[in-house]
Amino acid sequence: MHKILIVEDVYELALNIQEILINLDYDVVGIFNNAIDVLDFFIDGTADLILMDILIQGP
């Protein structure tokens, strides 16, 4: 099963994407809304694909 990480600052949209991916038999390994949390995740975690919003609010 492929592991997918979602980076999206609109939480409701991230949940909708997660639901779609789960229904397609993908494993959503996390939902994050900023780069710092994503980098912290990769200290111990892995993902095969990152779906990333390119217009995230903040630095």
Side-chain angles (χ1 to χ4, degrees):
M1 182 178 300
H2 295 287
K3 298 177 183 178
I4 300 179
L5 181 71
I6 300 171
V7 183
E8 172 62 59
D9 59 347
V10 178
Y11 191 65
E12 293 81 16
L13 178 56
L15 291 178
N16 287 342
I17 294 169
Q18 178 185 34
E19 182 179 354
I20 291 167
L21 292 170
I22 289 171
N23 287 334
L24 294 171
D25 290 327
Y26 290 102
D27 182 19
V28 177
V29 294
I31 297 175
F32 299 102
N33 64 2
N34 63 75
I36 294 171
D37 290 342
V38 172
L39 293 174
D40 287 343
F41 168 81
F42 280 113
I43 290 172
D44 296 321
T46 62
D48 298 310
L49 177 71
I50 300 173
L51 296 179
M52 184 177 296
D53 180 353
I54 60 170
L55 298 174
I56 289 181
Q57 300 297 316

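All values derive from a computational prediction rather than experimental measurement. For the numbers below, each heavy atom of this structure counts, side chains included, while hydrogens, waters and symmetry mates do not.
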Undergrad: Mind checking the CG-CG spacing from L39 to N34? Nearest 0.5 Å is all I need.
TA: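 It is 9.0 Å, given to the nearest 0.5 Å.
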Undergrad: Got a list of side-chain donor-acceptor pairs under 3.5 Å for residues 40-54, not counting sequence neighbours?
TA:
from: D48; atom 1: OD2; to: K3; atom 2: N; distance (Å): 2.8
from: D53; atom 1: OD1; to: L55; atom 2: N; distance (Å): 2.8

Undergrad: Side-chain donor-acceptor pairs under 3.5 Å in residues 15-27, sequence neighbours left out?
TA:
from: N23; atom 1: ND2; to: E19; atom 2: O; distance (Å): 3.3

Undergrad: I would like to know whether L5 and F32 meet side-chain contact (heavy atoms from CB on, under 4.5 Å); could you show each step before the answer?
TA: CA-CA 8 Å; L5 181 71; F32 299 102; 3.1 Å; yes
Undergrad: Indicate, with yes or no, if V38 and V29 share a hydrophobic cluster defined by side-chain heavy-atom contacts under 4.5 Å among Ile, Leu, Val, Met, Phe, Trp and Tyr.
TA: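 As far as the 4.5 Å side-chain criterion goes, V38 and V29 are connected within one cluster.
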